[in-house]
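First up is the structure itself, then whatever we jot down about it.
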Amino acid sequence: MIGGTFEYLMSSLPNLSFQNTEEAKQGVLGLLQKYAGTEGAEWSPLEILDQEAGKFLPHTIFPLFQKMSLSHIHQEEFRKSGSSVLTAFSAFTFTLKKDLNAWRLSKNEKKPAGNPIGKIMEEGTPLEKEIGLMKLQWDKLEELAIGHFADMEAVFVYKIKLMILLRWWSFNEEKGFEKFIQMTTNQEHGR
Amino acid sequence: MADKILMNKNTLAALKIELGEYRDALPVFEMKEQQLKGLVQSIEEGIATLKEDIQKTNKQTRNWVAVMAEEGIDLSNLIKVEEVLTEEQEIVGVTVKNYIDIRFEAIELDFFTMPLWVDAAAEVIKDQKTKQTILEVEQRKLELLQEELAEARRMKNALKEVFIPETTDLIRKIEIYLGDVERLAIGCAKLVKKKKQEKKATV
């Protein structure tokens, strides 16, 4: 990968767009794998990104960058980070999860009007709802990314976007169905 | 039945009692066979419906099951069967188990870290596990009743095709034999009487 400033880093990373097509997936994963070379053949896309971003990010902030995960990004340490984008996104996710929490606790009650997740929760399969929630997060990131093209904040946005895409791309009907059947027929499970 | 039969009146009497018992037992086994046939059929229908229901849910779940491939979420830790409640029942002489209820361990989900799809997955997995458990109980019941049905059928056929005809045949043979013996004895007695009379006349 080209060395130097954030600009070099950002311009050398594959472009991310909110889509789940084999072409988009191979484009991103293939390019990241090329950057990693043979040395990083076993690394995951996030490890490759961490490796590259680690060369540019301040040492004080890199551990938090490395620690980021979609399931824990709502936690306080991220809400009080040194990155404005991460702080805002963490706060947004915290509110989103709080709303979701309330919805999950009272599934059958009608959601109050104006709730951002209300529409997503109204209909659709669990898969469609997950995609809807990820789109909500993606749109928020797009909003937060305005004015950040090649700075530290852009790297944070990039990683969160990559995490969202990797999560989406991990959804696999065959694997999921195999797990489901295993769970429902294997009586050793949880007995 | 013994290989060698004593051709006498005692045997004949014993065989007639045996034949009576066989004839009494035959309708019992026929009725048992009928009852078991009905039960087996209704359980088979129930099992077929249950299997269809499981397949239908599998098909419906397939639309969104992709989410279950998400890494880092172990559903087996979230859905655990605590106990399966059954009760014993005696049906036509067979002790079978009937399904009553299934209880799952109450595991609280951390809604902040667990994705939304886990709720729906837990619900459908519990539902399918319940159906699978009922299916297993019903299949075990079916096995036991089918074994009993086969036994009742064997007994009915043995009585109808072997024991009753063979005993009837033996009774007929002994009766013929005893009749022959009786006629022979009468013939002999007549002959002896005739000889005695002839001897007397000569003297």
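Here is how names work: the chains are called A, B, and so on, in the same order as the sequence lines, proteins then strands, and each is numbered from 1.
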Worksheet item: Take atom CD in Glu178(A); do more than 12 heavy atoms of anything else shown fall under 6.0 Å from it?
Response: no

Practice prompt. List the steps and the verdict of side-chain contact (heavy atoms from CB on, under 4.5 Å) for Lys97(A) and Thr113(B).
Written response: CA-CA 9 Å; Lys97(A) 287 192 175 187; Thr113(B) 52; 5.7 Å; no

Practice prompt. With a 4.5 angstrom heavy-atom cut-off, could you sort out which part of Leu133(A) is near chain B: side chain, backbone, both or neither?
Written response: side chain

Which side-chain N or O atoms in residues 56-69 of chain B pair as donor and acceptor under 3.5 Å with protein atoms at least two apart or in another chain?
{"residue": "Thr57(B)", "atom": "OG1", "partner": "Asp53(B)", "partner atom": "O", "Å": "3.0"}
{"residue": "Thr57(B)", "atom": "OG1", "partner": "Lys131(B)", "partner atom": "NZ", "Å": "2.9"}
{"residue": "Asn58(B)", "atom": "OD1", "partner": "Gln128(B)", "partner atom": "NE2", "Å": "2.8"}
{"residue": "Thr61(B)", "atom": "OG1", "partner": "Thr57(B)", "partner atom": "O", "Å": "2.6"}
{"residue": "Arg62(B)", "atom": "NE", "partner": "Glu173(A)", "partner atom": "OE2", "Å": "2.8"}
{"residue": "Arg62(B)", "atom": "NH2", "partner": "Glu174(A)", "partner atom": "OE1", "Å": "3.3"}
{"residue": "Arg62(B)", "atom": "NH2", "partner": "Glu174(A)", "partner atom": "OE2", "Å": "2.9"}
{"residue": "Asn63(B)", "atom": "ND2", "partner": "Gln60(B)", "partner atom": "O", "Å": "3.4"}

Discussion item. So, using ring-ring contact (aromatic ring centres under 6.0 Å, His included) as the criterion, who are the partners of His148(A) when residues are at least two apart?
Written reply: none

Using a 3.5 Å cut-off and no angle test, enumerate the donor-acceptor pairs between side-chain atoms of residues 156-169 of chain A and protein atoms at least two apart in sequence or in another chain.
{"residue": "Tyr158(A)", "atom": "OH", "partner": "Pro14(A)", "partner atom": "O", "Å": "2.5"}
{"residue": "Lys159(A)", "atom": "NZ", "partner": "Asp50(A)", "partner atom": "OD1", "Å": "2.8"}
{"residue": "Lys159(A)", "atom": "NZ", "partner": "Asp50(A)", "partner atom": "OD2", "Å": "3.4"}
{"residue": "Lys159(A)", "atom": "NZ", "partner": "Phe65(A)", "partner atom": "O", "Å": "2.8"}
{"residue": "Lys161(A)", "atom": "NZ", "partner": "Glu142(A)", "partner atom": "OE2", "Å": "2.3"}
{"residue": "Arg167(A)", "atom": "NE", "partner": "Glu70(B)", "partner atom": "OE1", "Å": "3.3"}
{"residue": "Arg167(A)", "atom": "NE", "partner": "Glu70(B)", "partner atom": "OE2", "Å": "2.6"}
{"residue": "Arg167(A)", "atom": "NH1", "partner": "Glu130(A)", "partner atom": "OE1", "Å": "3.3"}
{"residue": "Arg167(A)", "atom": "NH2", "partner": "Glu130(A)", "partner atom": "OE1", "Å": "2.9"}
{"residue": "Arg167(A)", "atom": "NH2", "partner": "Glu70(B)", "partner atom": "OE1", "Å": "3.1"}
{"residue": "Trp169(A)", "atom": "NE1", "partner": "Gln19(A)", "partner atom": "O", "Å": "3.1"}

Practice prompt. Could you tell me whether Glu71(B) atom CD has more than 12 heavy atoms of other residues or ligands within 6.0 Å of it?
Written response: no

Worksheet entry | Heavy-atom contacts under 4.5 Å, residues 174-194 of chain B to chain A | none

Discussion item. Once rounded to the nearest 0.5 Å, what's the spacing between atom NZ of Lys129(A) and atom CG of Asp119(B)?
Written reply: 9.5 Å

Worksheet item: Going from CD1 on Ile54(B) to CD1 on Ile181(A), what distance comes out if it is rounded to the nearest 0.5 angstrom?
Response: 9.5 Å

Item to complete: Kindly compute the distance separating OG (Ser71(A)) from CD1 (Ile73(B)), expressed to the nearest 0.5 Å.
Response: 7.5 Å

Discussion item. For a 4.5 angstrom cut-off between non-hydrogen side-chain atoms, does Lys126(B) reach Met183(A)?
Written reply: no

Worksheet entry | Contact class of Ile107(B) relative to chain A, heavy atoms under 4.5 angstrom | neither

Worksheet entry | Least distance between heavy atoms, Thr185(A) atom then Gln132(B) atom | CG2-NE2, 3.5 Å

Worksheet item: Would you say the side chain of Leu100(A) lies within less than 4.5 Å of the side chain of Phe111(B), judging by non-hydrogen atoms?
Response: no

Worksheet item: Can you find a heavy atom in the side chain of His72(A) that is under 4.5 Å from one in the side chain of Phe112(B)?
Response: no

Discussion item. Let me confirm one number: the NZ-CD1 distance from Lys179(A) to Ile125(B), rounded to the nearest 0.5 Å.
Written reply: 10.0 Å

Fill in: Heavy atoms of other groups near Glu198(B) CD, more than 12 under 6.0 Å
yes

Practice prompt. Could you check Arg104(A) against Leu116(B) for side-chain contact (heavy atoms from CB on, under 4.5 Å), going step by step and ending with a plain yes or no?
Written response: CA-CA 8 Å; Arg104(A) 289 163 95 171; Leu116(B) 179 66; 3.7 Å; yes

